[in-house]
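Structure first, then comments.
Throughout, a chain's letter reflects where its sequence line sits, starting with A, and its residues are numbered from 1.
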Amino acid sequence: MKKAQEHTAPKKYGMVIDLDKCTGCGACMAACMAENNVPFREDETDKNLSITWLRVYKLTNGKKFPNADVCYLPRPCMHCEGHHGHSPCVSVCPATATDYSYDTGIVSQIYTRCFGCRYCMAACPYHVRYFNWWDPVWPEGMEKMLSPNVSVRTRGVVEKCSFCFHRYQIAMEKVRYEGRAELAEDEYQTACTQACPANAITFGDLNNHDHAVYKLKTHPDAFRLLERLGTNPKVYYISSREWVRRQGDNYLENEGKVVAKAH
Amino acid sequence: MDTALIPEGRKRCPLWQFVLFIAVVGAVLLWGVYAMILCWLKGLNQTNMNNAYGFALWIWADLAVIALGGGAFFSGFLKYIIGKDELKNLINYAVIIGFICYSSALLILAIDIGQPLRGWFIFWHANVHSMLTEVAFCLSCYFAVLTIEFIPLILENRQIDKVRFFHNLSHNMHHIMAVFAATGAFLSFFHQGSLGGVAGVLFARPFGFREGVLIWPWTFFLFTWSAAACGPCFTILITKITEKVTRKKLVKDNVIELLAKISGWMLLTYIVAKIIDTWYWAVVTAPEAGFTMMDFYSNNPLYGLWILFLEIVLGGIVPALILITPAGRKNKATLLLATVLAVIGVCVNRWVMVLQVLAVPVMPFESWFMYAPSWQEVATTILPLAYGAILIAIAHRYLPIFPQEPELNPVEQQAG
Amino acid sequence: MFPFSFEWIWDMSHMVFHGGLWYALSIIGLGMTYCILKSVVDTVQGKGGDGHH
Ligand code: SF4
Ligand code: SF4
């Protein structure tokens, strides 16, 4: 399968999200839903039943006025690398329906092979994986607006953020057709990155010196969610606020100030 | 009316009573079947599971019935491999109970998956690194073994046994039963263990995660051990209930006491290991992930330290102490109490290793996730109980399950 | 499950896992085959139940 693809240097796509810039507008969520044909229902009151590949969480510092502070945290799939590709979810899937690509670092989800055991959902601590409790129903006429590049899912399978993998495939096709060796940074960008009006999201190859994320991830205020669990996520966050960084992971009371780890 | 089918030298209740029992329990069964069909036709939106609770009541039920069905492999192991021959008086029943438990587990799994028609993918596209793959393979193979162990029993029915081929088949199967029992014990060791591994390997879920050896987390060994300890307790409990319902003594006390004693020692050693495991997890594993033990037992409406007490003290230490003391297992009331407590203990363990794992918030800005099952989930979980009661009723009526029954209950006048 | 499915790799874990699996399956399969064949032979030879067990 992998052999058929032209071999370029292994990439490690990832994201750096600047939480100081994020206003919580939700444009990324909307762009993601549209880009990836994410189904929705008439009544979305129960958020535990909604499918939101990218979800913006609201964090508060728990203090009263005038010290109250909020922060919005967009959460896509972290495309965890774990220990050498041993991501929490990939290692548990009994049917090999989700896979860690060593070429791109992207954790894929194979809808036609998933049989809906939901073990991967139990394994992912970020609640990134969503189950299709219902068959998707599109409002009259909307089926004509669906993206032809992304297959719609059926009831009973799990889906999640793919870092808009179809965009990578399309870009790579072009690269191969033009006989080039490498993909330029701006040739493959996720929908959320492009939709963000505040430019809070930066996307690119974490292994590539020329990509913006390569430098940003070493920012002194950069951190990753739940790093201590060993998930080795590829999504980095930047926040100048200590309380935000501290909410990025679990700490015992006696553990001191959070110094962001640079990678 | 059905006397020709009833084993010779044994007394059974009148047919109308039997039919009435089947009809009442059958109504419950139909309710469960209705819920099951709803789930298959309409999908898992019939449940109260959600994206935070991908695993819930069903997976718990699965783990619990498999642990309780562990009586079959462990008594088989004791009889055929260790050579505790007295257990031949209970092994048939242990096999039937195991058969019911495992068939129920497979049925529940078939309802639980989102795409039941793709269920075979787990075999075909097997990811050998997943605990669930190991579960699926060993579970199905072991179910085949249980079926093989059950067949000779069915063939012993008075009418079936008249057919020469079946008589020979039953004889030949009995002859090499030790081989099947050994295979069953081998398979059971792995799937009981991998069920424990299911939660134990989740390194991003600090409540479930455990360290271990090679690919196996400690829960792997603890689950096998607890199933071997509590499975026989369940076999004893069901035997006692059957004796109550049929108003007959079916197995001699020395047989029950032998199994109870072994079970007690298994339970005691298990609970010591479990305490060490819990302690190590609380002071080493969880703090490494940034959690204190109390983070897992506070700030929520249900899970408190009481559940740990219920599992380890009431459902572990107490029954173990009762069962290892001769007076404790000789006294009918304390024996019964101990088996009930052990069964509760192992069920609570399976509950926390499935549901509490998912209830605990892992991202610091989240709060606890709570869940209550829908009626469809409850009905499909009760379904196996009804099915089990019916199968036991039929098997008891028409098959000579308990070798000591005629001796313990001599029939005054020969029937007919 | 079989070496011809594309995700099959000839590595240690596959060999151990499937080694154990096929070993167990063979014992079950061979055991049952033996029982059935022997019963057929026994029956043909007239052994076993005479109807008055
Ligand atoms: S964030 Fe969750 S779904 Fe994404 S790779 Fe990590 S464990 Fe898997
Ligand atoms: S739900 Fe699908 S992707 Fe997730 S573990 Fe099960 S089969 Fe694999």
Side-chain angles (χ1 to χ4, degrees), chain A residues 46-51 57-60 73 75 80 82-83 86-97 112-127 129-135 154-158 225-226 228-231 246-253 255, chain B residues 42-47 49-56 59 109 112-136 198-199 201-206 208-209 286-292 295 354 357-358 361-366 369 371:
Chain A
D46 186 348
K47 293 291 176 282
N48 278 332
L49 293 171
S50 309
I51 303 184
Y57 281 88
K58 181 181 175 185
L59 278 53
T60 54
L73 183 139
R75 184 244 46 205
C80 308
H83 191 63
H86 188 88
S87 9
C89 55
V90 171
S91 53
V92 300
C93 175
T96 337
T112 44
R113 193 190 269 195
C114 169
F115 66 96
C117 70
R118 305 182 301 284
Y119 192 12
C120 52
M121 298 173 71
C124 172
Y126 305 102
H127 298 292
R129 293 180 161 268
Y130 293 93
F131 187 72
N132 282 275
W133 302 99
W134 287 269
D135 263 321
T154 170
R155 185 179 89 195
V157 304
V158 163
L225 278 184
L226 302 178
R228 302 178 72 158
L229 299 179
T231 51
R246 201 163 172 103
Q247 285 204 29
D249 214 330
N250 295 288
Y251 298 95
L252 302 175
E253 244 167 55
E255 282 171 330
Chain B
K42 297 194 170 181
L44 296 185
N45 49 51
Q46 299 294 303
T47 71
M49 287 190 276
N50 56 44
N51 292 322
Y53 270 103
F55 281 178
I59 295 288
L109 278 180
D112 189 45
I113 55 180
Q115 285 280 336
L117 295 179
R118 293 184 187 171
W120 55 281
F121 284 14
I122 196 169
F123 301 110
W124 196 259
H125 297 300
N127 166 16
V128 297
H129 302 282
S130 170
M131 284 292 161
L132 219 52
T133 309
E134 204 169 308
V135 171
V198 165
V201 296
L202 301 179
F203 63 89
R205 291 284 192 171
F209 177 64
E288 268 170 15
F291 289 86
T292 64
D295 287 338
V354 175
V357 171
L358 300 181
V362 185
M363 288 195 282
F365 44 87
E366 281 178 314
F369 297 94
Y371 147 93

| Region of B:P361 in contact with chain A, defined by heavy-atom distances below 4.5 Å | neither
| Check against side chain to side chain contact (heavy atoms under 4.5 Å, CB included), B:L202 and A:Y119 | CA-CA 10 Å; B:L202 301 179; A:Y119 192 12; 3.8 Å; yes
| Considering all heavy atoms, the nearest B:F203-A:H86 contact | CZ-O, 3.4 Å
| request: Identify the two heavy atoms, one from B:N127 and one from A:S91, that lie closest to each other, and give their separation to 0.1 Å. | output: ND2-O, 3.5 Å
| chain A interface, residue from B:A126, B:A136, B:G114 that has the most non-hydrogen pairs under 4.5 Å | B:G114
| query | At their closest point, which heavy atom of A:N48 faces which heavy atom of B:A52, and how far apart are they? | reply | OD1-CB, 4.3 Å
| field | Side chain, backbone, both or neither of B:F123 within contact of chain A (heavy atoms, under 4.5 Å) | value | neither
| query | Relative to chain B, which segment of A:C124 carries a heavy atom at a distance below 4.5 Å: side chain, backbone, both, or neither? | reply | backbone
| message | Need one label for A:S50: side chain, backbone, both or neither, based on atoms under 4.5 Å from any heavy atom in chain B. | response | backbone
| remark: Per-residue tally against chain B (heavy atom, under 4.5 Å) across A:R113, A:H127, A:Q247 peaks at A:R113
| request: Calculate, to the nearest 0.5 Å, the distance between atoms OG1 and CZ belonging to A:T154 and B:R118 respectively. | output: 6.5 Å
| field | Atom pair CG (A:L252) and CD (B:E288), whose distance is rounded to the nearest 0.5 Å | value | 10.5 Å
| query | Side chain, backbone, both or neither: which part of B:V198 has a heavy atom under 4.5 Å from chain A? | reply | both
| field | Minimal non-hydrogen separation, B:A289 against A:L229, with atom names | value | CB-CD2, 3.5 Å
| task | Please determine, by modelled atom types, if A:W133 and B:N50 share a side-chain donor-acceptor pair under 3.5 angstrom. | result | no
| field | Name of the residue among A:C93, A:P94, A:C117 meeting side chain to side chain contact (heavy atoms under 4.5 Å, CB included) with B:S130 | value | A:P94
| query | What are the two closest heavy atoms between A:R155 and B:K42, and how far apart are they? | reply | NH1-O, 3.3 Å
| field | chain B contact via A:L49 - side chain, backbone, both or neither, heavy atoms under 4.5 Å | value | both
| Do you know which of B:N51, B:V354, B:L44 has the most heavy-atom pairs with chain A at a distance under 4.5 angstrom? | B:N51
| said: To the closest 0.5 Å, what do you measure between CZ (A:F131) and CE (B:M49)? | reply: 7.5 Å
| Short question: side chain of B:R205, backbone of A:A122 - any donor-acceptor pair under 3.5 Å? | yes
| remark: Looking only at B:L358, B:T47, B:T292, B:D112, most heavy-atom pairs under 4.5 Å shared with chain A are made by B:D112
| task | Can you measure from OG1 (A:T112) to CZ (B:F121) and round to the nearest 0.5 angstrom? | result | 7.5 Å
| Based on non-hydrogen pairs under 4.5 Å, which of A:R75, A:R129, A:M121 is most in contact with chain B? | A:M121
| Quick one: what part of A:V90 sits under 4.5 Å from any heavy atom of chain B, side chain, backbone, both or neither? | backbone
| query | Can you tell which of B:W120, B:F369, B:Y53, B:W124 has the highest number of heavy-atom pairs within less than 4.5 Å of chain A? | reply | B:F369
| note | Tightest non-hydrogen contact, residues B:P364 and A:N250, listed as CG-OD1, 3.7 Å
